[in-house]
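What you are looking at is a predicted structure, and each value in this text was computed from that prediction instead of being measured.
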Amino acid sequence: MAASSSSTGSKSSNNAGGKQSGPSAEQVVATFQRMRQEQRSMASRAAEFEMEINEHSLVIETLKEVDPSRKCFRLVGGVLVERTVKEVLPALENNKEQISKFIDSLNTQMQGKGRELTEYRERYNIRLVGEGEGNSQGAAASAAGSSGQSDDGPSKGGAGVLVS
């Protein structure tokens with residue numbers, strides 16, 4: 001990635017002298033991609049739990065219109081148990097509330113991961129493929145479909161990393 005016309009011997013001595021304490025470009029890219037994957041995983045989990053909340057809401061609204069003494073069935077740990085509506089409804093509402101709290105916690109973690117990712121990008125001057133010079137927002141979405149790396153090299157003193 002370094003744009004140097006000197007021999008490989010002088011390149012290795014430059015890298016050894018200038019980057020003793022810092023990670024290599026491959027390590028930076030691997031860490032960045034791992035962080036992006038963690039953020040995507042969190043977003044996926046949040047979406048799954050949002051669907052769970054929607055299902056809980058639907059069942060709660062349906063059960064509110066039913067006689068409280070009517071029997072209903074609930075799946076608990078893979079076992080179908082028979083209960084009454086008045087026993088199940090509070091448990092469903094409590095579950096829905098707990099899931100909502102978990103989603104809020106997950107969203108907070110995602111925001112923290114986003115800030116961490118942004119700081120990491122700025123620290124190592126990481127540019128995504130297809131990202132414009134002044135356009136840093138939404139670059140992950142535009143670069144997600146790209147599979148090749150550019151040979152442009154870093155624009156700020158050779159310290160940047162290009163991520164596809």
List the steps and the verdict of side chain to side chain contact (heavy atoms under 4.5 Å, CB included) for Lys113 and Met42. CA-CA 9 Å; Lys113 183 62 74 174; Met42 285 182 199; 4.2 Å; yes
Over all heavy atoms of both residues, which pair between [X] and [Y] is shortest? Give the atoms and the distance, please.
| X | Y | value |
| --- | --- | --- |
| Gln39 | Gly114 | NE2-CA, 3.4 Å |
| Val28 | Ile126 | CG1-CD1, 3.8 Å |
| Phe49 | Ile99 | O-CG2, 3.7 Å |

What distance separates [X] [atom1] from [Y] [atom2], expressed to the nearest 0.5 Å?
| X | Y | atom1 | atom2 | result |
| --- | --- | --- | --- | --- |
| Arg123 | Glu116 | CZ | CD | 8.5 Å |
| His56 | Glu93 | NE2 | CD | 10.5 Å |
| Arg34 | Tyr120 | CZ | OH | 8.0 Å |

Is it true that a side-chain atom of [X] and a backbone atom of [Y] form a donor plus acceptor pair closer than 3.5 Å?
| X | Y | value |
| --- | --- | --- |
| Glu65 | Thr62 | no |
| Ser100 | Lys96 | yes |
| Ser44 | Arg40 | no |
| Glu87 | Thr84 | yes |

Are Ser69 and Lys86 linked by a side-chain donor-acceptor pair shorter than 3.5 Å?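 The criterion, which ignores hydrogens and geometry beyond distance, is not satisfied for Lys86 and Ser69.
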Take Val59 and Glu55 through the test side chain to side chain contact (heavy atoms under 4.5 Å, CB included) and record every step on the way to the result. CA-CA 6 Å; Val59 172; Glu55 290 176 12; 5.6 Å; no
Return all side-chain donor-acceptor pairs below 3.5 angstrom for residues 103-110, not counting sequence neighbours, or 'none' if the list is empty.
unit_1, atom_1, unit_2, atom_2, d
Asn107, ND2, Ile103, O, 3.4
Thr108, OG1, Asp104, O, 2.9

Determine, using the 4.5 Å side-chain heavy-atom cutoff (strictly less than), whether Leu92 and Val66 are members of one ILVMFWY cluster.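 Linked, Leu92 and Val66 end up in one cluster.
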In one Ile/Leu/Val/Met/Phe/Trp/Tyr side-chain cluster, 4.5 Å: Leu89, Ile53: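 The answer is no; the residues belong to distinct hydrophobic clusters.
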Do [X] and [Y] have side-chain heavy atoms sitting under 4.5 Å apart?
| X | Y | answer |
| --- | --- | --- |
| Met35 | Thr31 | yes |
| Leu117 | Phe32 | yes |
| Glu52 | Asn95 | no |

One pair to check against side chain to side chain contact (heavy atoms under 4.5 Å, CB included): Gln27 and Ser24. What are the steps and the verdict? CA-CA 5 Å; Gln27 290 171 331; Ser24 70; 3.3 Å; yes
salt_bridge(Glu97, Lys101) N-O dist < 4.0 Å: yes
